[in-house]
Amino acid sequence: MIEPRHLRVLRAVAATGSFSAAARELGCTQPAVSQQMKALEQSSGTPLLVRTGREMRLTQAGEALVRHAAGILAGLTAAEEEVAAIAGLRAGRVRLVSFPSGSSTLVPTALAELRESFPGTRVSLVEAEPPRSVEMLRAGDCEIAVAFRYPEVQRAAGVGAAAGTGAVADTEGPGAPAEGSWGKDDLVVRPLLSDRLVGVVPEGHRLAGAGAVDIGELAGEPWIAGCPRCRRHLVDVCEAAGFTPRIDFATDDYPAVIGLVAAGLGVAVLPELALESVRAKGTATVEVEPAVRREVVALTLPDLARVPAVAATLDRLESAARREPRP
């Protein structure tokens with residue numbers, strides 16, 4: 001195997017015409033130059049220099065190697081400089097995947113801080129709900145996934161699947177696996193915050209202005225549900241309280257949920273992060289008991305966690321989460 005240090009010595013010998021002159025240029029001894037040239041000839045399997053008296057000239061193989069050495073060494077230098085820039089956060093790229101309400105609240109603050117501290121680091125953002133975002137991380141499609149999961153809910157005995165639009169198809173039974181899939185050892189988990197679910201009712205609703213309400217007080221209301229995982233968790237929480245929610249509308253779009261509630265078409269529960277990202281005009285919020293919180297985390301792979309740009313992005317996400325107002 002040809003080593004870069006041997007190529008540097010060969011170029012110096014070819015440029016100066018002797019081992020001693022090459023040694024002076026390289027700042028080493030003449031025997032050291034001689035030893036490295038012998039090693040290079042052994043690696044090449046052919047003589048590279050012809051010694052005639054005090055003169056030294058390149059063989060055809062030596063000329064070919066010197067001709068390629070310039071490009072090889074230049075490419076290696078460029079690679080070393082690029083790696084050093086990435087390691088020093090003067091350059092680098094991070095592909096980030098986040099769920100929508102995280103994208104509109106945590107992520108902008110984190111990326112603004114990152115750009116201010118390390119303007120050479122570039123971050124791209126794609127939106128995906130878990131578990132899809134976690135699958136993308138494991139598949140190598142991103143370096144960081146911002147994800148959430150709900151706690152498991154014990155269903156009340158004898159309460160069946162929810163009625164209404166879209167609820168049954170997206171609801172898993174009691175034997176379903178636990179929410180989230182990052183309990184394995186293959187991922188690094190950076191906890192960000194605990195995101196409470198808040199009740200949303202029309203501003204003229206009988207419970208508008210109430211401090212806190214038991215979710216059972218909403219048993220007879222029509223419901224507007226969110227994403228499939230949120231919808232499934234809503235069903236679980238309501239069934240744990242002893243009733244099955246009548247889901248009239250289901251949408252992944254939080255502004256649409258707010259619009260439907262404001263029009264008096266039903267009630268909803270939304271994460272606080274989602275409420276921070278939309279205008280809640282025409283609605284009122286109430287605390288729902290028992291309190292339910294979803295766990296929001298940033299995920300990466302162990303090897304990626306040691307990459308400076310990834311580590312810096314994780315730190316900024318954690319910093320942004322600490323500033324999010326929590327009750």
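For clarity, every value in this text was computed on a predicted model and none was experimentally measured.
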Looking at residues at least two apart in the chain, or sitting in another chain, which of them share a ring-ring contact (aromatic ring centres under 6.0 Å, His included) with Phe99?
-> Phe148

May I ask you to decide whether Arg196 forms a salt bridge with Glu287, counting only side-chain N to carboxylate O separations under 4.0 Å?
-> yes

Evaluation steps, side-chain contact (heavy atoms from CB on, under 4.5 Å), between Leu137 and Leu187 | CA-CA 9 Å; Leu137 175 62; Leu187 297 179; 3.7 Å; yes

Can we say Asp186 and Arg138 salt-bridge, meaning some charged N sits less than 4.0 Å from an Asp/Glu carboxylate O?
-> yes

Trace of the side-chain contact (heavy atoms from CB on, under 4.5 Å) decision for Arg293 with Asp195 | CA-CA 5 Å; Arg293 295 177 180 271; Asp195 191 20; over 6 Å; no

Nearest heavy atoms of Ala14 and Val66, plus distance in Å = CB-CG2, 4.1 Å

Taking all heavy atoms of Ser44 and all of Leu65, pick out the closest pair and write down the distance.
-> OG-CD2, 4.0 Å

Considering residues at least two apart in sequence or located in another chain, which fulfil the side-chain contact (heavy atoms from CB on, under 4.5 Å) criterion with Arg306?
-> Asp303

Transitive ILVMFWY side-chain link Leu314 to Leu111, under 4.5 Å | yes

Is the shortest heavy-atom distance from the side chain of Gln36 to the side chain of Arg5 under 4.5 Å?
-> yes

Sidechain-backbone polar pair: Glu143 side chain, Arg95 backbone, donor-acceptor under 3.5 Å = yes

Scanning both residues in full, the closest heavy-atom pair of Ile258 with Thr283 reads O-CG2, 3.8 Å

Nearest non-hydrogen partners of Gly266 and Pro202, listed with the distance | O-CD, 3.8 Å

For the residue pair Pro245 and Val235, establish whether any side-chain heavy-atom pair is separated by less than 4.5 Å.
-> yes

Any side-chain donor-acceptor pair under 3.5 Å between Arg24 and Thr16?
-> no

By side-chain contact (heavy atoms from CB on, under 4.5 Å), Ala84 pairs with (sequence neighbours left out) Arg90

Yes or no on side-chain contact (heavy atoms from CB on, under 4.5 Å) for Leu7 and Ile2, after CA distance, side-chain angles and deciding distance?
-> CA-CA 8 Å; Leu7 290 179; Ile2 297 175; 3.7 Å; yes

In one Ile/Leu/Val/Met/Phe/Trp/Tyr side-chain cluster, 4.5 Å: Val237, Val269 | yes

Can you find a pair of side-chain heavy atoms, one from Leu73 and one from Arg8, that are under 4.5 Å apart?
-> yes

Ser319 vs Glu113 side-chain heavy atoms within contact, under 4.5 Å | yes

Between Glu63 and Arg57, is the closest basic N to carboxylate O distance under 4.0 Å?
-> no

Hey, are the side chains of Thr121 and Ile86 touching, using non-hydrogen atoms and a 4.5 Å cut-off?
-> no

side-chain contact (heavy atoms from CB on, under 4.5 Å) filter on Pro308, not counting sequence neighbours, yields Leu89

If you draw a 6.0 Å radius around CD in Glu82, do more than 12 non-hydrogen atoms from other residues or ligands fall strictly inside?
-> no

Given Leu197, Ile224, Val257, the one that forms side-chain contact (heavy atoms from CB on, under 4.5 Å) with Leu270 = Val257

Going hydrophobic residue to hydrophobic residue with side-chain gaps under 4.5 angstrom, can you get from Leu218 over to Val292?
-> yes

Let me see the working for Val13 and Leu49 under side-chain contact (heavy atoms from CB on, under 4.5 Å), right down to the final yes or no.
-> CA-CA 9 Å; Val13 171; Leu49 295 167; 4.0 Å; yes

Set of salt bridge (charged side-chain N to carboxylate O under 4.0 Å, His left out) partners for Asp253, sequence neighbours left out | none

Nearest heavy-atom contact between Ala147 and Val134 is CB-CG2, 4.3 Å

Tell me, do Trp223 and Arg231 make a side-chain contact under 4.5 Å, heavy atoms counted?
-> no

Between Glu127 and Ser103, is any side-chain donor less than 3.5 angstrom from a side-chain acceptor?
-> yes

Quick one: does Glu203's side chain have a donor or acceptor within less than 3.5 Å of a partner on Ala284's backbone?
-> no

Between Glu318 and Arg190, is the closest basic N to carboxylate O distance under 4.0 Å?
-> yes

Is there a donor-acceptor contact under 3.5 Å from the side chain of Thr251 to the main chain of Ala256?
-> no

Closest contact, heavy atoms only, Leu106 versus Leu273 | CD1-CD1, 4.3 Å

When clusters are formed by joining ILVMFWY residues with side-chain heavy atoms under 4.5 Å apart, either directly or through shared neighbours, do Met136 and Leu301 land in the same one?
-> no

Go through the structure and list residues passing side chain to side chain donor-acceptor pair (under 3.5 Å) with Ser101, not counting sequence neighbours.
-> Arg294

Taking the side chain as every heavy atom from C-beta outward, state whether Glu217 and Leu207 have any atom pair closer than 4.5 Å.
-> yes

